[in-house]
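Heads up, the thing below is written out as structure tokens.
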Amino acid sequence: MMSVTTQEISEIVDWLAQYGYQGEDQGMIRLLYTPEWLAAQNALKERFEQAGMTTEFDAVGNLKGTFVGSDPAAGAVASGSHVDTVVNGGKLDGALGIEAAFLAMKDLVATHGQPKKSLSVVSMAEEEGSRFPYVFWGSKSLFDLEDSSQMANVQDNDGVKFVDAMRSCGFDFKEGHNTLMDGVTNWLEFHIEQGNTLEMEGKQVGIVHGIVGQRRYDIRLVGEANHAGTTMMRYRHDVVEAYARIVSQSIAKAKAEGDPLVLTFGKVEVKPNVVNVVPGEMTFTMDCRHTDKDFLVRFSDGIVSDMRAICKEMGIEIEVDNWMDEDPVPMDDDMTAVIQKACQDCGLNALDMHSGAGHDSQIIAKHIPSGMIFVPSIKGVSHNPAEATKVEDIKEGIDALEAALYALAY
């Protein structure tokens with residue numbers, strides 16, 4: 001019988017949120033290597049130790065707390081997420097995965113005693129890329145995938161260098177192999193959905209079978225700026241017209257393909273951006289995601305080809321920079337089966353689904369058999385002070401997590 005209570009959940013969520021909380025309108029700001037971030041990691045370390053866990057930081061600031069198992073040769077089951085937030089984010093993104101893992105493991109040990117395999121909570125240093133232009137710093141560091149040389153001269157918007165911020169918190173670039181995840185045989189990540197699928201489908205828990213691949217682009221159009229009153233329509237090389245045609249045509253094609261494809265045109269900058277001049281230059285971004293790599297490449301390459309054709313017809317130059325190309329990452333089939341059985345045993349109404357957002361598990365799954373559990377997000381809101389999940393839904397998700405951890409570790 002799972003005994004983590006809604007009161008315990010509310011308490012730990014509010015407790016960790018005090019480190020970086022800016023108020024109801026501003027939400028959370030807990031960025032990598034800031035005083036708020038360091039205070040949160042140290043507070044988690046202390047709380048883990050109070051519960052009887054051994055604790056360890058790695059060189060860059062990832063934290064692990066462990067209930068040691070009875071069989072040292074059996075390895076460990078780990079669960080957790082990232083402790084950093086976006087700017088003006090909510091209390092749950094990342095943090096809830098750490099809190100849920102801790103509550104579930106603590107309850108397991110209290111109820112069933114020492115596990116055969118060790119149970120470890122991992123609070124990863126960074127995932128969001130909100131302060132410095134580098135994402136998954138924490139999980140990449142766990143598997144020696146980080147690019148320390150790339151970070152040497154990186155700085156935040158205030159001019160603070162990455163290396164200086166890291167060292168101010170007592171951490172530094174690691175030397176040699178990171179041992180923090182050595183011996184971990186299975187990984188589970190608990191997370192809010194950050195979308196509205198579970199809520200719209202009336203499901204209690206999401207069982208994630210894969211994380212979408214992402215291709216992101218910066219695109220620059222160069223036409224001809226000219227007088228808005230004297231330049232006839234047929235003689236214009238208007239980049240906004242080209243952009244409008246590109247967006248309209250591309251979105252129509254994406255809608256025709258349907259789920260799980262998503263296509264987004266986001267940031268847009270126009271020059272000269274004044275009322276009485278035909279715009280002659282603009283840059284914009286495109287984000288394309290799908291669970292199938294071949295489809296993702298084929299579709300996005302087709303959209304870029306369409307863009308080039310439109311620009312050629314209009315006498316407009318186009319430059320395309322495909323600066324992100326992340327493959328889809330499937331979760332482990334056996335881990336998915338464990339979560340499915342846990343949900344069945346707990347009587348939960350679960351949905352097999354994919355994740356449209358990126359998570360640390362997409363890094364970890366390439367090295368350790370991994371699974372993910374989602375709980376519903378109210379109205380699908382995330383990365384926003386209004387981010388929220390019903391505490392009853394969180395408890396149901398933790399029940400599933402606890403049952404899965406029991407199956408793996410006892």
Side-chain angles (χ1 to χ4, degrees), residues 16-22 26-46 55-64 80-90 93-95 97-98 122-181 214 216-218 220 266-267 269 283 285 287 321-326 357-360 362-364 383 385:
L16 188 55
Q18 70 183 297
Y19 303 102
Y21 187 59
Q22 308 296 309
Q26 298 298 312
M28 294 293 303
I29 304 179
R30 187 167 60 229
L31 308 182
L32 178 65
Y33 299 142
T34 60
E36 296 82 9
W37 173 92
L38 182 61
Q41 287 289 68
N42 284 332
L44 283 166
K45 180 177 184 292
E46 182 178 353
T55 60
E56 179 185 1
F57 275 113
D58 69 5
V60 304
N62 293 308
L63 171 66
K64 181 173 75 172
S81 195
H82 58 96
V83 74
D84 69 312
T85 73
V86 297
V87 175
N88 303 127
D93 182 5
I98 301 163
V122 180
S123 175
M124 273 164 282
E126 187 276 340
E127 185 248 28
E128 297 286 4
S130 296
R131 184 179 183 190
F132 300 100
Y134 192 101
V135 296
F136 301 118
W137 171 253
S139 52
K140 285 181 177 178
S141 296
L142 292 174
F143 300 99
D144 308 323
L145 304 173
E146 82 290 353
D147 188 348
S148 298
S149 62
Q150 178 181 329
M151 303 306 294
N153 295 312
V154 166
Q155 59 187 31
D156 66 14
N157 289 334
D158 296 321
V160 178
K161 287 190 174 182
F162 182 92
V163 63
D164 293 337
M166 178 170 56
R167 289 171 179 163
S168 74
C169 290
F171 301 104
D172 208 338
F173 295 119
K174 70 178 181 61
E175 296 180 3
H177 172 63
N178 190 337
T179 62
L180 205 66
M181 296 291 274
Q214 301 183 42
R216 294 184 184 178
Y217 300 79
D218 287 337
R220 179 171 178 256
K267 183 179 179 182
E269 295 180 350
T283 57
T285 61
D287 180 310
D321 178 14
N322 178 199
W323 58 270
M324 175 189 276
D325 191 358
E326 295 283 347
H359 298 286
D360 287 303
Q362 72 190 68
I363 305 298
I364 296 171
H383 285 191

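Nearest heavy-atom pair across Asp147 and Ser149 is OD1-OG, 2.7 Å. Lys45 approaches Leu63 most closely through the heavy-atom pair N-CD2, 3.6 Å. Smallest separation of non-hydrogen atoms from Gln150 and Tyr134: NE2-CD1, 3.6 Å. Looking at every heavy atom in both residues, Ala125 comes nearest to Leu32 through O-CD1, 3.6 Å. Contact between Gly97 and Ser81 at its shortest, heavy atoms only, is CA-CB, 3.9 Å. Here the shortest heavy-atom pairing between Ala39 and Tyr19 reads CB-CD2, 3.6 Å.
For the pair Asp287/Met324, no side-chain contact is recorded, criterion being any heavy-atom separation below 4.5 Å from C-beta on. The shortest side-chain heavy-atom distance between Arg30 and Leu16 falls under the 4.5 Å cut-off.
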Point to revise | Verdict with supporting geometry, Phe162 and Trp137, ring-ring contact (aromatic ring centres under 6.0 Å, His included) | key: CA-CA 11 Å; Phe162 182 92; Trp137 171 253; 4.9 Å; yes
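The 12-atom threshold is not exceeded at CG of Asn153, counting heavy atoms of other residues, nucleotides or ligands nearer than 6.0 Å.
Between the side chain of Asn62 and the backbone N or O of Ser139 there is no donor-acceptor pair closer than 3.5 Å. Under a 3.5 Å cut-off, the side chain of Glu126 and the backbone N or O of Gly129 do form a donor-acceptor pair.
Note that OH of Tyr217 and CG of Asp325 are 7.0 Å apart. Values are rounded to the nearest 0.5 Å. In this structure, Arg216 CZ and Thr285 OG1 are separated by 9.0 Å, a value rounded to the nearest 0.5 Å. Taking OG1 of Thr283 as the reference point, atom CD of Glu269 lies at 4.5 Å (rounded to 0.5 Å). Here the CD1 atom belonging to Ile29 is positioned 8.5 Å from the CD atom belonging to Glu36, to the nearest 0.5 angstrom.
Using a 4.0 Å cut-off between charged side-chain N and carboxylate O, Lys174 and Glu146 make a salt bridge.
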